[in-house]
Structure formats: structure tokens, C-alpha cells
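Values below: every heavy atom of this structure, side chains too, minus hydrogens, waters and symmetry copies. Proteins come first, then strands; the chains are lettered A, B, ... in the order of their sequence lines, and each starts at number 1.
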Protein chains: 2
Amino acid sequence: MGAAAERAAEESEEWAGVSPDAARRLVSAAVEAFAERGYHATTTRDIAGRAGMSPAALYIHYKTKEELLYRISGIGHEKALRIMGAAAEAEGSATERLGDAVRTFARWHAEHHTTARVIQYELQALSPEHYTEITDLRRRTDRLLRQIIQDGQDSGEFRADDVPGTTLAVLSLCVDVARWFTADGPRTPDEVGALYADLVLRMVGAAVGPARV
Amino acid sequence: MGAAAERAAEESEEWAGVSPDAARRLVSAAVEAFAERGYHATTTRDIAGRAGMSPAALYIHYKTKEELLYRISGIGHEKALRIMGAAAEAEGSATERLGDAVRTFARWHAEHHTTARVIQYELQALSPEHYTEITDLRRRTDRLLRQIIQDGQDSGEFRADDVPGTTLAVLSLCVDVARWFTADGPRTPDEVGALYADLVLRMVGAAVGPARV
DNA sequence: CGCACCCCTAAGCGCTTGCTCAGCAGCGCG
DNA sequence: CGCGCTGCTGAGCAAGCGCTTAGGGGTGCG
């Protein structure tokens, strides 16, 4: 299976864990609407309409509109955490692992930019308890990335004077892809991943291949 | 003068061009509320309350709630454009100008993170005409930065294979400061500016002082 | 003083919002 | 066939929204 086909399958299965079918259609519709207009500007009537149901049907599967956002945020951030974890726990030098982490993380934010936009920019609409639960997932993602950068610093591969600051910047860079990326833009998700991996490796002072003389 | 009063004074100075006094207080209150909750989750009653007036008073100075966001976005993006312009038109090498641009631009986004958050993340709430007008200001800021990077590429100071992509990444990095920065965090706006200038100069392959052996 | 003018408020209008509830269609099972 | 269960709808409620309007109080000028 090629990389494109693999990703297409992954796309259709983005909400595969949600059942029954009606609940999955609602999640998918909500992500679309939230990404387009924002959580507060989206009405439950709009979500239900996109899913092909009456407004009341939403409340059979979810107690509130906020619960929909909570479910989306949970699934999305767990996926993001797994992506970062796969790169962090792989074999290889810190340079290879950081390049992999940024490439896959940035690519996911481009490919799933609707989902990513919702889970990264609509968090403040969550209830306080749900908010702290979700930001905890974020902190774990952050720690994984920081460890890679710290490893490179310790091994002498990187020259990053301020490890926490650099981690923050790298994460911010990847996350913000979700804000500006559009499918009809000039860059594919793969190209964004490759570009960002290159930029970040230079940023931490790692030796990069062809660009360095 | 206490810290709160000092911040209030600085805050009101940011909108010095807005008069009369009641209109300025409303802008200031709206920025605070929009940054905290988002445009759609903010009520006109909340804005008026923060400004110490009745809900109806808002409509003496602004036709709609959207006009408030439009005024804030216009003033904010013009300020951002002037900051970038000052760095772009300064004397000096591309390295010096890019360092200056990133330092001042990132610092402004940290120092005025409430305003910056509103003007960078609430644009979609503007009317279509206002939206295109404001995004035009953004495009001009983008062009100034791209020219600096192109200059450095032409002179051989930088090694940035993809100038538009690198410009996008640098701008994205600076803008996203507004999302995560808080006044009670571990970094001052000056420190953020210095860190980001250093990271970006490495990113474009410029020769940076002490970090490079 | 008298009067005009500018800001402002109290009250409330029309509408939309998140959410509820009584009831109904379709299906599997005895 | 009848029965109950699941998943859904049509209608609608209370609350809150952006915004309007009629009127009042303070200030400066003749």
C-alpha cells in the first residue's frame, strides 16, 4: 500500500472508533462546522443538519454540544500524542527522531487541518474539568518532544541553548499549520512536513544533509 | 502606581488614537473580552459592563458589535505592519534586518498578546468586506518579511531553499506567540523576542554569533 | 436663567439559542 | 399478529442574544 492510499484509508477511519453510525456522522459534521465557523458560532441545528438529522437527534447520542467538542478533542489529542510517541520511541539518533517527529506531526496537522484546528484552537470552550483533562494530553506530547531535543543536546548533536523555549517554538510551529493550511493551497501535507523538518533541524543546529556545505 | 494601574495606563495608551473617552474604554473592554472568551462568546452586555456603561451606550459609539472588532483589527494590523516596515526599511545587512524584524514582531505579539490574539484569531468573525480589507494589511506585512529573506538569499547570507515557505513559517511562529503567551509565564516579552530572533536566524542558515563555533 | 445639545440609561422588542418531550415508525421475536 | 425496544421527529420552551427607542440629566452658551 502506497503512502497516499495508506493516508486515505486513515482519513476515512479517522472517527472509526465512534459508534453507532449516527454518532459518528454527528462527530464528523461537528468537526466540519467547528473548524469553519468556530464552536460558539456553530448551532446544534447546523450540526444536526449536516449529519442529515433533526436537531433533537443530537441529544440521543450526546448530552450537550460541549460533550461533542470534548469527544473530538480527546480523540484528536490522543492521535497527536501517539504520533509524537512513535517518533520519540523509535530507534535512531536524536536528529533522526526529531526530523521524524516534526515531519509526521506537521504533516498530520496539514492533512487533518479541520480536526487539528478544532482541537488546538477551540479548547477554551470546554468545561474547566474537560479542559484540564485535555491539556494534560498536550503536556504529555510536549514532554515527549522536549526529551528528544534534550537528548540531542546531551549527545552534542544539537546546539539549542534554551531547550524548553526551543520545544515551545517547535510545537507552536507545527500546531499553527492547522490555522493557515488549506487543501487548495500550493503545498501538499507531505511537502509541509518535509519543509518543517528541515527548518527545525537547522533551528536546533543539527547537521542537515544537502543544505549544509 | 500599582501594577494594575500601570497596566491600565499602558492599556489605554494603546488605543490613544480612539476618542472620545467612552469609545476608547469600549475598545479596551472589547479587546479584553474577545481575547478571553472569543468574539462569539462575548456579549455586548459584557463589553459595556467592563467599560462601566449600560448595554445601550455601546451603540452610540459603534453601529454593531462587528464594527468594534473591525476597528480593533484595523488598528492592530496597522501597528503590526508598521513594526515590520520599520525593520524592513532599516539600514543594515539582511541578517540584521531579519533579526530585528523577528525580535520586534515576536515581542509585540507577547507584550500585546490580548490584542494580538484578537486580531490574529478572530478575523473570521468579520464581515466579508472587512475581512478582505484586513487580510490585505496582512499580505503587506508578509511581503515585507519575504523581501528581507529574499535579500539575504540573493546576497548569500541565507541558505533558505524555499523562500515563500520559510516566510510563512517565520510569520506563523511569531503570530502564534499570541496564542500561548501569558504575562505570568516564565518568559518576558524581551526574552521571547531574543529567543525567536536567534532561532529564526539559524533557521535561514545565517551566521549567528556566540552559538556558532 | 433658559435652552439646546450631547451622552447616557431603563425598558424591552424580535429573534435565535441550547435543549426537552410526547409520540411514532420500523424491526426482531414469540 | 402483537409487543416492546431503539432511534428518531415535530413542536416548542425558557433564556439569552444583538440591537432600538423614548426619555432624562448635566454642561456650556446666549
Between [X] ([atom1]) and [N] ([atom2]), how many Å, whole number?
X: A:Asp46; N: C:dC19; atom1: CG; atom2: C1'; result: 16 Å
X: A:Asp21; N: D:dT6; atom1: CG; atom2: P; result: 18 Å
X: A:His61; N: D:dC8; atom1: NE2; atom2: C1'; result: 8 Å
X: B:Met53; N: C:dC8; atom1: CE; atom2: C1'; result: 9 Å

**Prompt:** By ring pair (Phe, Tyr, Trp, His ring centres under 6.0 Å), which residues pair with B:Phe158, not counting sequence neighbours?
**Reply:**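 Ring pair (Phe, Tyr, Trp, His ring centres under 6.0 Å) check on B:Phe158 returns nothing, list empty.
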**Asked** Cut-off 3.5 Å, side chains only: do A:Asp184 and A:Thr182 have a donor facing an acceptor?
**Response** yes
**Message:** Under 3.5 Å, is there a donor on one side chain and an acceptor on the other for A:Tyr121 and A:Asp176?
**Reply:** yes
**Message:** Atom CZ of residue position B:Arg138 - does it have more than 12 heavy atoms of other residues, nucleotides or ligands inside 6.0 Å?
**Reply:**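 Yes - once you tally the heavy atoms of other residues, nucleotides and ligands closer than 6.0 Å, there are more than 12.
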**Prompt:** Do other residues, nucleotides or ligands put more than 12 heavy atoms under 6.0 Å from A:Arg187 CZ?
**Reply:**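 Result for CZ/A:Arg187: enclosed.
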Regarding [X] and [Y], does a basic nitrogen lie under 4.0 Å from an acidic carboxylate oxygen?
X: A:Asp198; Y: A:Arg103; value: no
X: A:Asp151; Y: A:Arg97; value: yes
X: B:Glu67; Y: B:Arg71; value: yes

**Message:** So if I define the base as every atom that isn't primed, P, OP1 or OP2, how would nucleotides 10-25 of chain D read as a B/S/- string at a heavy-atom cutoff under 4.0 Å?
**Reply:** B-B----SBBBB----
**DNA chain C-proximal residues of residues 27-34 of chain A, any heavy atom under 4.0 Å** = none
